[in-house]
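Along the sequence shown, residues carry numbers from 1. Counting starts at 1 for both ligands and their atoms, following the listed order.
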Amino acid sequence: MEIITSVAAMTEWSNQRLGAGERIALVPTMGCLHAGHLSLLGAAQAKADAVVVSVFVNPLQFGPQEDFSRYPRPFAADCEAVAAQRGNVVFAPDASTFYPAGFQTTVTVRGLTSGLCGASRPGHFDGVTTVVAKLFHAVKPQVAIFGQKDLQQLAVIKAMVFDLNWDIEIIGHPIVREADGMALSSRNRYLSESERHSALCLWQALTAARQAVSQGESDCPLLLARLRAQISADPVVEIDYLTVVHDSSLAPQARIDNHSVLAMAVRIGATRLIDNGYLIPKE
Ligand code: AMP
């Protein structure tokens with residue numbers, strides 16, 4: 001496993017692999033790798049000859065009041081985890097060279113970014129699309145894997161790639177959860193034991209919603225009112241959004257169909273958590 005920190009070295013590595021006729025997969029991450037990230041790496045290995053895991057805490061996608069400075073950065077452990085799973089490269093560009101003085105370009109996807117996380121995190125998706133565009137140019141992957149945990153991010157990246165005629169296959173990978181249903185997230189480590197317990201409300205809401213739907217509920221406003229009451233019973237949990245959206249357009253839905261996804265974001269103390277899932281499960 002190689003650790004590459006400059007764009008020039010990354011592109012040279014990729015050019016050599018591409019010249020040898022290999023396919024490259026990219027797994028973009030902000031590090032603090034957990035089993036969710038590593039399952040993306042596994043999916044990438046099934047799709048390509050060589051896998052690059054980028055580890056970069058992207059300052060552009062954090063708001064001024066957000067957790068950029070305290071975001072965990074266990075870089076040595078991340079490299080060990082990628083090496084143990086036989087990833088080929090950790091690409092960890094240095095922020096000051098990735099965004100040199102005078103950097104003035106932003107990639108923006110408009111409509112899809114206006115609701116959900118985009119509404120409460122202004123500028124967040126511009127940061128995401130800009131960094132992913134730069135990673136795509138540096139790494140030159142044929143395929144890139146993103147988690148369905150970040151439902152809106154996945155839709156936004158797909159839109160960017162489609163709109164810009166980028167010949168990169170974008171694959172969404174299912175959410176990896178703890179045994180009790182909690183979605184794995186680097187931010188889970190911010191939670192105290194009692195906050196971790198409260199955070200289970202996301203999985204409990206999804207489970208309750210699926211059960212209601214399996215019993216015939218199809219009215220989104222009614223379902224959401226019940227879920228809202230269920231989550232709000234815990235005063236520690238503040239709902240950012242709770243909605244049913246179409247899986248690709250992300251438009252809010254009034255009635256449940258096979259495309260319906262329950263999308264949720266909550267704040268628990270200083271920590272913001274997201275989760276989502278199909279209301280009529282596909283698996
Ligand atoms: P992050 O490091 O949080 O930016 O996440 C990097 C990638 O891993 C994104 O595509 C996420 O959607 C994905 N990811 C994060 N958590 C999970 C999870 N629990 N299951 C599957 N994918 C995940």
Side-chain angles (χ1 to χ4, degrees), residues 25-47 51-63 66-68 70-75 77-79 81-82 85 87 90-93 95 116-117 121 124-136 139 141 143-161 168-191 196 199-200 202-203 206 247 250 261 263-265 271-278 282-283:
L26 172 65
V27 180
T29 82
M30 297 202 300
C32 193
L33 301 182
H34 51 61
H37 297 115
L38 297 177
S39 78
L40 304 193
L41 169 53
Q45 285 166 322
K47 296 289 292 185
V51 178
V52 176
V53 177
S54 61
V55 172
F56 181 61
V57 185
N58 173 33
L60 294 190
Q61 70 189 69
F62 288 78
E66 293 184 356
D67 55 342
F68 174 70
R70 74 171 179 137
Y71 198 85
R73 293 164 168 87
F75 186 63
D78 287 345
C79 292
V82 174
Q85 210 179 303
V90 167
F91 178 43
L116 304 176
C117 292
R121 303 186 71 189
H124 167 70
F125 286 110
D126 281 358
V128 169
T129 41
T130 301
V131 79
V132 171
K134 282 180 66 74
L135 290 169
F136 283 175
V139 177
V143 52
I145 321 283
F146 292 83
Q148 288 167 359
K149 166 141 184 300
D150 294 86
L151 168 80
Q152 191 174 15
Q153 170 173 278
L154 177 61
V156 167
I157 298 294
K158 282 183 175 169
M160 173 179 78
V161 165
I168 301 176
E169 183 184 3
I170 303 299
I171 294 179
H173 191 74
I175 299 175
V176 177
R177 298 179 180 279
E178 310 252 20
D180 63 2
M182 174 92 165
L184 292 176
S185 164
S186 308
R187 291 187 165 99
N188 290 352
R189 61 167 66 189
Y190 297 152
L191 301 169
R196 167 70 179 72
L200 261 187
L202 293 167
W203 174 246
L206 181 56
D247 56 358
L250 305 185
V261 175
M264 305 170 274
T271 306
R272 186 174 181 281
L273 299 172
I274 58 172
D275 202 348
N276 71 83
Y278 279 99
K282 299 213 174 295
E283 56 273 6

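Taking every heavy atom of both residues into account, G172 and Q148 meet most closely at O-NE2, 3.4 Å. Taking each heavy atom of S186 and H37 in turn, the nearest pair found is OG-CE1, 3.5 Å. A pairwise comparison of heavy atoms in I168 and A144 identifies CG2-N, 4.0 Å as the closest pair. Between W203 and D275 the shortest heavy-atom distance is N-OD2, 4.4 Å.
Put simply, part of P28 is less than 4.0 Å from ligand 1, judged by heavy atoms. At least one heavy atom of Q153 sits less than 4.0 Å from an atom of ligand 1. Judged by the shortest distance from any of its heavy atoms, S39 lies outside the 4.0 Å radius around the atoms of ligand 1.
The N/O atoms of G147, backbone and side chain alike, include one that comes under 3.5 Å of an N/O atom in ligand 1. Polar contact with ligand 1: absent for S185 (N/O pair, distance under 3.5 Å). Considering backbone and side-chain atoms alike, I145 places every N or O at 3.5 Å or more from each N or O of ligand 1. Close N/O approach between L40 and ligand 1 is not found [any backbone or side-chain N/O within under 3.5 Å].
Shortest contact from atom 21 (C) of ligand 1 to any protein heavy atom: P174 O, 3.5 Å. Remark: minimum distance from atom 20 (N) of ligand 1 to any protein heavy atom is reached at V176 N, 2.8 Å. Scanning the protein heavy atoms around atom 15 (C) of ligand 1, the nearest turns out to be H34 CE1, 3.9 Å. Among protein heavy atoms, atom 4 (O) of ligand 1 sits closest to M30 CG, 3.6 Å. Of the protein's heavy atoms, H37 NE2, 3.4 Å lies nearest to atom 5 (O) of ligand 1. Atom 12 (O) of ligand 1 has its closest protein heavy atom at D150 OD1, 2.6 Å.
Within the model, atoms CG of L40 and CD1 of I171 stand 10.5 Å from one another, a figure rounded to the nearest 0.5 Å.
Per-residue contacts place L184 under 4.0 angstrom from the following atoms of ligand 1 (heavy atoms of the residue considered): 16 (N), 17 (C), 18 (C), 19 (N). Every atom of ligand 1 with a heavy atom of I175 under 4.0 Å away is listed here by number and element: 20 (N), 21 (C).
Relative to the ring axis of F68, R73 places its NZ or CZ within 45° and under 6.0 Å from the centre.
Of the possible donor and acceptor atoms, one in the side chain of N276 sits under 3.5 Å from a partner among the backbone N and O of K149. Checked by atom type and distance alone, the side chain of H173 never pairs as donor or acceptor with a backbone atom of F146 at under 3.5 Å. Counting only distance, with no hydrogens or angles, the side chain of D247 and the backbone of Y278 share no donor-acceptor pair below 3.5 Å.
Here the rule is side-chain contact (heavy atoms from CB on, under 4.5 Å) with V82, and of V55, V51, T29, V53 only V53 fits it.
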